[in-house]
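Written out below as structure tokens is the structure these notes cover.
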Amino acid sequence: MNSHQVTQGMARAPHRSLFYAMGYTEEDLQKPLVAVVSAHNEIIPGHFHLDKVAQAVKLGIAAGGGTPVEFPVIGICDGIAMNHSGMKYSLASRELIADSIEAMMIGHQFDAMVLIGNCDKIVPGMLMAAARLNVPALYVGGGPMLPGSYRGENIDLISGAFEAVGACAQGKIGEDTLREMEQKACPSCGSCAGLFTANTMNCLAEALGMGLPGNGTIPAPYGQRLALAKKAGQQIMALVKKNLRPRDILTLQAFRNAITLDMAIGGSTNTVLHLLAIAYEADVELPLETFDEISSKVPNITKLSPAGKDYLITLHEAGGISAVLKQLAEVGLLAGDQLTVTGKTLSENIAGAEVLDARVIRPLANPYLQEGGIAILRGNLAPDGAVVKQSAVVPEMRVHEGPARVFESEEEAFAAIMGGKINKGDVIVIRYEGPKGGPGMREMLSPTAALGGMGLDKDVALITDGRFSGGTRGAAIGHVSPEAAEKGPIAIVQEGDIIQINMPERQLNLKLSEAEIAQRLQKWQKPEPKVTGKSYLARYASLVTSASTGAVVKVK
């Protein structure tokens, strides 16, 4: 075992002394040392309760014959970091999380790890570390938040507080109503109640084979969530005994299974970034085109917030992710022979699943969309691709043509929206917010939520080299690559240029001749970087790659 390097032999007497200082026994040091990697903190609602989840995991590990050892990792709440400079750190924190887990795991020679997270960048950061380190590992999430209630209607952080800001700015509601909605939007701990990035990634962990069945949908306040955590602790010991490792599970087919589920449920566009990054760490070649290839074959069969009125608890009560996977497997859309952390195949995991509410999980023959929830667009405005959550776009906006309204930052665009300066038919362009240009590829939830609150999401498109929250709805096209800071064509769009969007044809074009685009690119001058000096962001910007390859950090 790895841990023998710190627990066994005469030369390790000083090491053992340090363990004894903390109350570990000789018997503890004879057992596998299992890291309990917890993202518990008191700033993220999705993580506030993870101390209890970690305690349940540790009980399971001890019951299974291991010695649990807890250590923390950081986490940033995207909602609190939204619409200010803090959001620059959100995506960048994914790499910090993976790196810090690597440092702790190797520094202390753990034999295995249970990863406990819940929210946006924490889940992929943990799975990246699992793929990189390749010791027995299992992921368990903290579960989704319950939806809020406002005057008889279910709401969440997006449909409640964020969109209410736009409605209040336009005079549709008063400040008293806004205050009431903000107090009722988030009624419990857990990752925000809709199918935003956090919950999408927690669901995809099941399809990847790295999370136990139920991981994606059991609500945070339920006792079932703690029972799942205890089972996870017990199961990691079975993985240690079998020496079953992440790279035995994270094969190309596992990633294809995850993408298939993503398309079926209409998950967040951020999953494109994160699955590419996890695949990179697992040494699995996963081209961006794979997402569109699978999207063309997999219908969208659920419509959870922000695309619809259902929530993760609704999906859970309808049969959960296992029921969705069962439907997909029955028509040959999944590779059911893939190994999972249960020690069984995916097909074995979902054998007893059934759809309990066909309104929530529609039959494949009666989908919301014949295609998957996410589409990859290309064209002269995005030669390397762009991403849109088409399941959250109204039909009339899937094909759109309009004049560009160009902004050099999210703040400029948000001010224009709140100031009533955006007209129906406009195509808002927000640039220099990509991985390098931002740096950090900020989410644009505040602008899109404001448009939704104003009722403009059915008339206005938004295009950016940044990205969007999983809670975004409307014709919001992100991840435009190459980004503006890398001399992508989005850098030379001018106010009033006509932009053509055609989601069915997967096209995103600037209505200009090739000669005009080339001439403008030749005149383009790279702006000064937004972040310089000794900060982490400056180092991140110098190493981060394109969104089209997952915005991973590579040493040049």
Side-chain angles (χ1 to χ4, degrees), residues 120 123-124 141 143-144 147 156 158 191-211 213-219 254-272 274-275 290-292 294-331 333-334 346 349-350 353-375 387-393 468-473:
D120 294 32
V123 183
D156 55 42
I158 313 303
S191 44
C192 294
L195 191 63
F196 313 147
T197 304
N199 285 327
T200 307
M201 289 304 302
N202 279 307
C203 290
L204 297 195
E206 291 189 42
L208 278 171
M210 291 298 294
N215 181 74
T217 60
I218 297 172
F255 284 99
R256 292 181 65 88
N257 285 345
I259 296 169
T260 299
L261 173 65
D262 200 6
M263 297 305 168
I265 61 177
S268 164
T269 53
N270 285 315
T271 57
V272 177
H274 300 327
L275 289 175
T290 307
F291 290 83
D292 221 38
I294 293 174
S295 180
S296 68
K297 296 182 290 190
V298 178
N300 173 219
I301 57 173
T302 74
K303 211 168 184 66
L304 278 63
S305 177
K309 296 294 185 182
D310 290 324
Y311 295 90
L312 265 293
I313 187 173
T314 326
L315 179 60
H316 179 65
E317 292 169 349
I321 292 303
S322 289
V324 178
L325 292 172
K326 181 78 174 296
Q327 285 204 156
L328 296 169
E330 286 173 345
V331 295
L333 290 171
L334 288 179
L346 188 63
N349 287 350
I350 62 176
E354 60 178 315
V355 174
L356 303 177
D357 189 340
R359 182 197 66 79
V360 179
I361 304 173
R362 283 193 175 185
L364 293 171
N366 180 35
Y368 287 102
L369 279 176
Q370 291 295 338
E371 297 181 324
I374 293 173
V387 182
V388 63
K389 187 174 182 176
Q390 61 176 350
S391 59
V393 181
F468 295 107
S469 161
T472 291
R473 61 184 170 94

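Residues take their numbers from the sequence shown, with the count starting at 1.
Residues Leu364 and Pro299 come closest through the heavy atom pair CD2-CG, 3.6 Å. Here the closest non-hydrogen pair linking Ser391 and Asn300 is CB-OD1, 3.3 Å. Shortest non-hydrogen contact noted between Asp156 and Phe196 is OD2-CZ, 3.6 Å. The minimum heavy-atom distance between Ile361 and Ala318, with the atom names listed, is CD1-O, 3.6 Å. Across Thr271 and Leu204, no two heavy atoms sit closer than the pair CG2-CD1, 3.8 Å. Looking at every heavy atom in both residues, Lys389 comes nearest to Thr269 through N-CG2, 3.4 Å.
Summarising the geometry, atom CD1 belonging to Ile259 is positioned 4.5 Å from atom CD1 belonging to Ile294; distances are rounded to the nearest 0.5 Å. The distance from atom CG of Leu325 to atom CD1 of Ile350, rounded to the nearest 0.5 Å, is 5.5 Å. From Leu328, atom CG reaches atom CG of Leu334 across 5.0 Å, with rounding to the nearest 0.5 Å. Atom OG of Ser295 sits about 9.5 Å away from atom CG of Asp262, to the nearest 0.5 Å. Expressed to the nearest 0.5 Å, how far CG of Asp292 lies from CD1 of Ile374 amounts to 10.0 Å. Here Leu261 contributes atom CG and Ile321 contributes atom CD1; the two are 5.0 Å apart, rounded to the nearest 0.5 Å.
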May I have the step-by-step check of side-chain contact (heavy atoms from CB on, under 4.5 Å) for Asp357 and Thr314, ending in yes or no? CA-CA 9 Å; Asp357 189 340; Thr314 326; 5.7 Å; no
What do the steps show when you test Ile301 against Gln327 for side-chain contact (heavy atoms from CB on, under 4.5 Å), and what is the final call? CA-CA 10 Å; Ile301 57 173; Gln327 285 204 156; 3.5 Å; yes
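Here the options are Glu206, His316, Glu317, the test is side chain to side chain donor-acceptor pair (under 3.5 Å), and the partner is Thr217; only His316 passes. A salt bridge (charged side-chain N to carboxylate O under 4.0 Å, His left out) with Asp310 is found for one member of Arg362, Arg359, Lys303 and no other, namely Arg359.
Side-chain contact annotation: Ser268 with Thr197, donor-acceptor N/O pair under 3.5 Å present.
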